[in-house]
There are 2 protein chains.
Amino acid sequence: MTDGNAGTVKSVETMFAVVDVLRERDGARVTAIADELDLSKSAVHKHLSTLRNHRFAVKEGDEYRLGLGFFGYGSYVRTRYDVFRKAKPLIRELADETGEMVWLITEENGMGMYLFGDGGSLDVNVDSLVGTWRHLHLNSGGKAILSRLPEERVVEIVERHGLPRRTDATITDLDELLAELETVRERGYALNLAEDMAGIHAVGVPIVHRDRVQGALSIAGAANRLTEDRIHDEYADRLLTAVNDLELNLTYR
Amino acid sequence: MTDGNAGTVKSVETMFAVVDVLRERDGARVTAIADELDLSKSAVHKHLSTLRNHRFAVKEGDEYRLGLGFFGYGSYVRTRYDVFRKAKPLIRELADETGEMVWLITEENGMGMYLFGDGGSLDVNVDSLVGTWRHLHLNSGGKAILSRLPEERVVEIVERHGLPRRTDATITDLDELLAELETVRERGYALNLAEDMAGIHAVGVPIVHRDRVQGALSIAGAANRLTEDRIHDEYADRLLTAVNDLELNLTYR
DNA sequence: AAAATCGTTCTCTGATGGAGAACAATTATC
DNA sequence: GATAATTGTTCTCCATCAGAGAACGATTTT
């Protein structure tokens, strides 16, 4: 527990290293992987064969890439989230209605992950954000989630993952974050005023079900459209209503 | 090569076994996994810790489940497919226009996988099919893909994965399949007349780019709406046009 | 044509994966 | 409510196997 990787399976650890090289390089050949990881070619080859047998890697000529096996298991994991299945049609609706991006984010081990996103024109590529890990303090959905966690967990999370800065507006101080979360609790929704990406504003509302935060919905878009005023006047209420519907849906349907 | 799992890493193999138990059981506890796999508790525990460190498993109380790590890597793999990124908006459009389900399927190691799907009133159904492996002979998109593979590869694939029957209409004979693929080549699109699921018809068109099949688009829906006649008269042409657009998009944009 | 580099398949050995015992904590049973 | 059974986790320790290195033919470079 104190030691990070005590009691782990080393060869699985190296397998993950191989996988990460394949991901970072968008595919690689045996020798390149062996060089990068300081492993013998034979060892790397053995790992790649193993991965291939389980469809987690594919071989194209002499180049190996990650296989669709990951997508298969990944889709399964997402589909297991009740909140995803129920939020998806709602998100579509909200995206069509507002013309902005609408996101579902959830938390695991103190980090956030976008489970689904829709809408928005060409500003941000939705698909490249889905499935990526995000620090929770950097976005409205993440802050909405944090606002519903016990303070000791928030502190724990910040200690583990830190509060990296992305823009001038990023909250990088724990006390400041805790104060902001108090505001979020009172108000019912969280803002993101260019704290992650310059020029992008957002509102986020936590999804609570059975006394647990299941995630958060958020609306994000260009700062000149999603002004602070319009968020308070229009978007926040629309989002609160949507989340309320969703929470009822989670309970009764 | 002859021996299926010669030259593989055994402990990675057992890791995958653990992962599969977690998937099949929708989460499990240490002892249950150890019992099922005939492993010691300590071994299973070590594997679970390793998986957890890499976010491929999470622990909730004493129960372990697969983690969002899979979804992260899975999303990456899908996004790497150019054909997915470019087909997605087109599929949305087609789904809205026709009111039927529209699918993108691709092939890896002789099996098909739905990369994306949209539309249809049975919206729930869509997400449970995305990310699952499908035999290629069972659906229109798969047959469309097969029609563009060299005959020896088709034979190879059938030898490896067989031609399992799903309904009365399923093609279970290799020669019959090869003949059908010839028809598909001449006509440009493949049909699926309740060969996988009773009451479901579909049309599929292969997506060819740089002399390789990148996948196939298909339209699927209730047999009483997608009658054979209407497929030939309406849907096939609409789909061929869409795929043609997509192929140009793949080349020039 | 020669040299270099590649992926794959061997053999071999030291590191380590997995069994089993021990433990406290929890749950089941009476 | 006390006892017994079962749990997850952490040890130690030995037999296994993960990984190094050499050898191979096939490609690619020079």
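Letters go in sequence order (proteins before strands), and every chain restarts at 1.
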Distance in angstrom units between [X] [atom1] and [N] [atom2], rounded:
X	N	atom1	atom2	answer
A/Glu63	D/dT27	CD	P	18 Å
B/Leu51	C/dG17	CG	P	13 Å
B/Leu37	C/dA19	CG	P	10 Å
B/Lys10	D/dC17	NZ	P	5 Å
B/Glu13	C/dG18	CD	C1'	16 Å
A/His45	D/dA23	NE2	C1'	15 Å
B/Met15	D/dA18	CE	C1'	16 Å
A/Leu39	D/dG21	CG	C1'	14 Å

Given DNA chain C, 5'-ward residue of the pair A/Lys59 and A/Val9, judged by closest heavy atom = A/Lys59
note = Comparing nearest nucleotides in DNA chain C, the 5'-proximal residue of the pair A/Leu48, B/Lys41 is A/Leu48
Distance below 4.0 Å between [X] side-chain N/O and [N] OP1 or OP2:
X	N	result
B/Tyr64	D/dT9	yes
B/His47	C/dG17	no
A/Ser40	D/dA20	yes
B/Ser11	C/dT16	no

query = NA contact type, A/Ser42, heavy-atom cut-off 4.0 Å: base, sugar-phosphate, or nothing?
reply = base
ask   = Closest heavy-atom contact between B/Phe70 and B/Val19?
value = CZ-CG1, 3.8 Å
ask   = Taking N and O atoms by type only, does the side chain of A/Lys46 place a donor or acceptor under 3.5 Å from a partner on the base of D/dG19?
value = yes
Side chain of [X] (C-beta onward), nearest among [options]:
X	options	answer
B/Thr31	D/dT7, C/dG18, D/dG19	D/dT7
B/Ala43	C/dA22, C/dG18, D/dG19	C/dG18
B/Val30	D/dC17, D/dG8, C/dA19	D/dG8
A/Arg29	C/dG17, D/dA20, C/dG7	C/dG7

task = Using ring-ring contact (aromatic ring centres under 6.0 Å, His included) as the criterion, point out the one residue from B/Tyr114, B/Phe116, B/Phe84 that pairs with B/Trp103.
result = B/Tyr114
inquiry  = ring-ring contact (aromatic ring centres under 6.0 Å, His included) for B/Tyr73 and A/Phe56? Distances and angles first, verdict last.
reply    = CA-CA 10 Å; B/Tyr73 282 81; A/Phe56 285 99; 9.8 Å; no
request  = For the pair A/Glu13 and A/Lys10, find out whether any cationic side-chain nitrogen is under 4.0 Å from an anionic carboxylate oxygen.
outcome  = no
query = Should the pair A/Glu108-B/Arg55 be classified as a salt bridge under the 4.0 Å nitrogen-to-oxygen rule?
reply = no
